[in-house]
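First up is the structure itself, then whatever we jot down about it.
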Amino acid sequence: QVQLVESGGGSVQAGGSLRLSCEVSGYTYSTYCMGWARQTPGKAREWVAAIDSGGYTGYYADSVKGRFTISQDNAKNTLYLQMNSLKPEDTAMYYCAAGRYCSNTGPRALDAWGQGTQVTVSS
C-alpha cells in the first residue's frame with residue numbers, strides 16, 4: 001500500500017516562494033522515480049520536475065527551470081519541491097507521484113499519486 005501525502009501549498013504574491021512536501025510510505029522498490037505534476041482547470045496535467053532513486057534530476061519543465069528545485073530526504077521519506085520567483089502562471093493544483101523509472105519527460109510506469117495541494121500566485 002503506497003501512500004503519498006502532499007503539504008505546503010498556499011497563496012503567495014508574485015516573486016514569492018513556497019516549498020511543497022510529499023511524505024512517502026509503503027513504497028518498497030529500490031529503484032524508482034518521484035515527480036511533481038500540476039494541473040489547472042481545462043488543461044492537461046503536466047510534469048514539472050522528477051528525481052530518481054540515485055538523486056539524479058532527470059526532468060524539469062522549461063517553464064520552471066532556474067526557479068524550481070526538486071529534492072528528496074531519504075531519512076525522512078520525503079520529497080520536496082522548492083519554488084522560487086513564483087509567477088501567476090504557476091497557479092495550479094500540484095501533485096506528487098511515484099513511478100518505476102524516469103524518462104527525459106518525467107516519471108513512467110506510475111504506481112501512485114498524492115491527493116494534491118493548491119498553489120495560488122497573485123500578481
- Using side chain to side chain donor-acceptor pair (under 3.5 Å) as the criterion, list what pairs up with T91, not counting sequence neighbours. none

- Would you find more than 12 non-hydrogen atoms of other residues, nucleotides or ligands less than 6.0 Å from E23 atom CD? no

Given side chains that start at C-beta, do those of [X] and [Y] come closer than 4.5 Å, heavy atoms only?
{"X": "Q82", "Y": "F68", "result": "no"}
{"X": "D111", "Y": "Y27", "result": "yes"}
{"X": "D52", "Y": "Y101", "result": "no"}
{"X": "L81", "Y": "T69", "result": "no"}
{"X": "Y80", "Y": "L20", "result": "no"}
{"X": "T78", "Y": "V24", "result": "no"}

- Message: Any salt bridge linking K87 with D90? Criterion: basic side-chain nitrogen under 4.0 Å from a carboxylate oxygen.
- Response: no

Which pair of heavy atoms, one from [X] and one from [Y], lies closest together, and at what distance?
{"X": "L4", "Y": "C22", "result": "CB-SG, 3.9 Å"}
{"X": "S123", "Y": "A14", "result": "CA-CB, 4.3 Å"}
{"X": "Q115", "Y": "V5", "result": "OE1-CA, 3.6 Å"}
{"X": "A37", "Y": "R45", "result": "CB-CG, 3.8 Å"}
{"X": "G116", "Y": "M93", "result": "C-SD, 3.7 Å"}
{"X": "Q118", "Y": "A92", "result": "NE2-O, 3.3 Å"}

Could you give the distance from [atom1] ([X]) to [atom2] ([Y]), rounded to the nearest 0.5 Å?
{"X": "S53", "Y": "Q72", "atom1": "OG", "atom2": "CD", "result": "7.5 Å"}
{"X": "L110", "Y": "Y32", "atom1": "CG", "atom2": "OH", "result": "15.0 Å"}
{"X": "W36", "Y": "E46", "atom1": "CH2", "atom2": "CD", "result": "15.0 Å"}

Check: [Y] main-chain N/O paired with [X] side-chain donor or acceptor under 3.5 Å:
{"X": "T40", "Y": "K43", "value": "no"}
{"X": "E6", "Y": "C96", "value": "yes"}
{"X": "Q3", "Y": "S25", "value": "no"}

- Query: Between Y94 and R38, is any side-chain donor less than 3.5 angstrom from a side-chain acceptor?
  - Reply: yes

- Message: Could you check whether R100 makes a cation-pi contact with Y29, meaning its NZ or CZ is under 6.0 Å from the centre of the six-membered ring and within 45° of the ring axis?
- Response: yes

- Query: Name the one of T120, V119, L18 that satisfies side-chain contact (heavy atoms from CB on, under 4.5 Å) with S11?
  - Reply: T120

- Query: When clusters are formed by joining ILVMFWY residues with side-chain heavy atoms under 4.5 Å apart, either directly or through shared neighbours, do V64 and V121 land in the same one?
  - Reply: yes

- Output, in order, the C-alpha distance, side-chain angles, deciding distance and verdict of side-chain hydrogen bond (donor to acceptor under 3.5 Å, both in side chains) for S17 and N84. CA-CA 4 Å; S17 298; N84 297 326; 2.9 Å; yes

- Task: With sequence neighbours excluded, give me every ring-ring contact (aromatic ring centres under 6.0 Å, His included) pair touching residues 40-61.
- Result: W47-W113

